[in-house]
**Student:** 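The structure follows.
In this text the structure is predicted, and so the values were computed from the model without any measurement. Whatever order the structure lists ligands and atoms in, that order sets their numbers, starting from 1. Start at 1 with the first residue, then count along the sequence. The basis for the numbers below is simple: all heavy atoms, side chains too, and nothing from hydrogens, waters or symmetry mates.
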Amino acid sequence: MIVMREDATPEDVSEVVSRVESTGARAHVIEGETQQVIGVVGDVELVRDLALEVAPGVDHTMPISRPFKLASSQVTHGRRTIVDVGGRKIGGDRFATIAGPCTVESRDVMLESAHAVKEAGAQLLRGGAYKPRTSPYSFQGLGEEGLKLLAEAKRATGMPIVTEVMDVRDLDAVCEVADMIQLGARNMQNYTLLTEIGRAGVPVLIKRGLSATLEELLMAAEYVLKEGNADVVLCERGIRTFETAYRFTLDLMAVPVLKELTHLPVLVDPSHAAGRRDLVESMSMAAAAAGADGLIVEVHPDPDHAICDGPQQLRTAEFADYLARVERVAEVAGKVPAVGV
Ligand code: PEP
Ligand code: MN
């Protein structure tokens, strides 16, 4: 990590970058709180031989001790990343809500959900066209047809779309519609997919794997960041423990601990963690109290007849009141309410 002086000129920065790149290493220029920082990923010996600590504009160089480098909070000197998704901000002092049905199941459900969550104040719209299902006999998603319906919902409401990609072969088609790609829990360690998402340069929401440690989650983020894609958001969605009373165990301590380890925004998915609608509101409030940068939550007009995840989806009719209550907690935790923004 190369920390530039506060008075370093843009020429000093580009000179350091080109010297770093002459060794075959990659240089990532990151805006720190008061000065620029250049994160270097490459052969340590070759970069050290450049003696950059005495180059014009350089304050000092230091190794990053953590295994994740670009994701590390060390690299931004305390500055938190704010990810722009189709004009909506995730991170910083905002509390962002991504809401919508589990899957894109029909035009009516998609459009009705989209209008309802927008009206209630959610900023981004979710809905999976490609669904990771435990059983190969379960509904697998509408695929390209689902993407078309998401595009229509976006045209109708102006809401940016968050949708999952499961396979590199679908990445181009998904990128046509998605403002943010969701990398599901089951794919968190699909390194080929992470690399390709990094190259695609589209914002990505990486969900924590069912049995992944925080370090493994941050290493997944590192795969995307390493390719030059800085728009990464992390999501705690429950992990597998010995407890069977609910679907997963929502690990809310992950929120403050991730925020200490990384500069990336952290969201919480209370729906998939709980698997039960009655737990979603309290866990959403707890996530907000823990300092989460927002939520991704499932909402459906008629969950009793939903194709998948019916028991955990909130009803569109109750969503506005739910969100207003959760935003009150977010406000107590220091966030500016985003409802109506
Ligand atoms: C989802 O959000 O649609 C989903 C399948 O979540 P997860 O990958 O966390 O299980
Ligand atoms: Mn779901």
**Student:** Rounded to the nearest 0.5 Å, what separation is found between the OG1 atom of T262 and the CG atom of L225?
**Tutor:**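 Atom-to-atom, T262:OG1 and L225:CG are 7.5 Å apart.
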
**Student:** Look at K154 together with D179 and state whether they make a salt bridge at an N to O cut-off of under 4.0 Å.
**Tutor:**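 Between D179 and K154 there is a salt bridge, with a charged N closer than 4.0 Å to a carboxylate O.
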
**Student:** Pick from D269, V326, I98, L267: which one makes a side chain to side chain contact (heavy atoms under 4.5 Å, CB included) with L295?
**Tutor:** V326

**Student:** What atoms in ligand 1 come closer than 4.0 Å to a heavy atom of R186?
**Tutor:** 7 (P), 8 (O), 10 (O)

**Student:** Quick one: look up the protein heavy atom nearest atom 8 (O) of ligand 1 and list residue, atom name and how far away it is.
**Tutor:** A185 N, 2.8 Å

**Student:** Among E164, R126, E298, which one puts a heavy atom closest to atom 3 (O) of ligand 1?
**Tutor:**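 Answer by nearest heavy atom: R126.
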
**Student:** Go through ligand 1 atom by atom and flag the ones less than 4.0 Å from a non-hydrogen atom of Q182.
**Tutor:** 1 (C), 2 (O), 3 (O), 4 (C)

**Student:** Please state whether the separation between the Mn ion (ligand 2) and some N/O/S atom of C308 is under 2.8 Å?
**Tutor:** no

**Student:** Could you check whether D251 pairs with R208 (Lys NZ or Arg NE/NH1/NH2 to Asp/Glu carboxylate O, under 4.0 Å)?
**Tutor:** yes

**Student:** Are K69 and E222 close enough for a salt bridge, meaning some N to O gap below 4.0 Å?
**Tutor:**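 No salt bridge links K69 with E222.
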
**Student:** Please collect all ring-ring contact (aromatic ring centres under 6.0 Å, His included) contacts where either partner lies in residues 211-266, sequence neighbours excluded, each pair once.
**Tutor:** Y191-Y223

**Student:** Can you pull out the closest protein heavy atom to atom 9 (O) of ligand 1? Residue, atom name and distance to 0.1 Å, please.
**Tutor:** R237 NE, 2.6 Å

**Student:** With heavy-atom distances below 4.0 Å as the criterion, list the atoms of ligand 1 near G184.
**Tutor:**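 Counting from 1, the qualifying ligand atoms are 8 (O).
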
**Student:** Nearest to atom 6 (O) of ligand 1, what protein heavy atom do you find, and at what distance?
**Tutor:** K207 NZ, 2.9 Å

**Student:** From the N, O or S atoms in D309, identify the one nearest to the Mn ion (ligand 2).
**Tutor:** OD2

**Student:** Give the name of the N/O/S atom in E298 that lies closest to the Mn ion (ligand 2).
**Tutor:**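 Of the nitrogen, oxygen and sulfur atoms in E298, the Mn ion (ligand 2) lies nearest to OE2.
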
**Student:** Hey, is D304 close enough to R315 for a salt bridge, meaning N to O under 4.0 Å?
**Tutor:**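 Result for this pair is yes, salt bridge flagged.
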
**Student:** Looking only at protein heavy atoms, identify the closest one to atom 4 (C) of ligand 1 and say how far it is in Å.
**Tutor:**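 Protein heavy atom at minimum distance: H272 NE2, 3.5 Å.
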
**Student:** With a 4.0 Å cut-off on N to O distance, would you call D309 and R247 a salt bridge?
**Tutor:**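 Yes, D309 and R247 are salt-bridged.
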
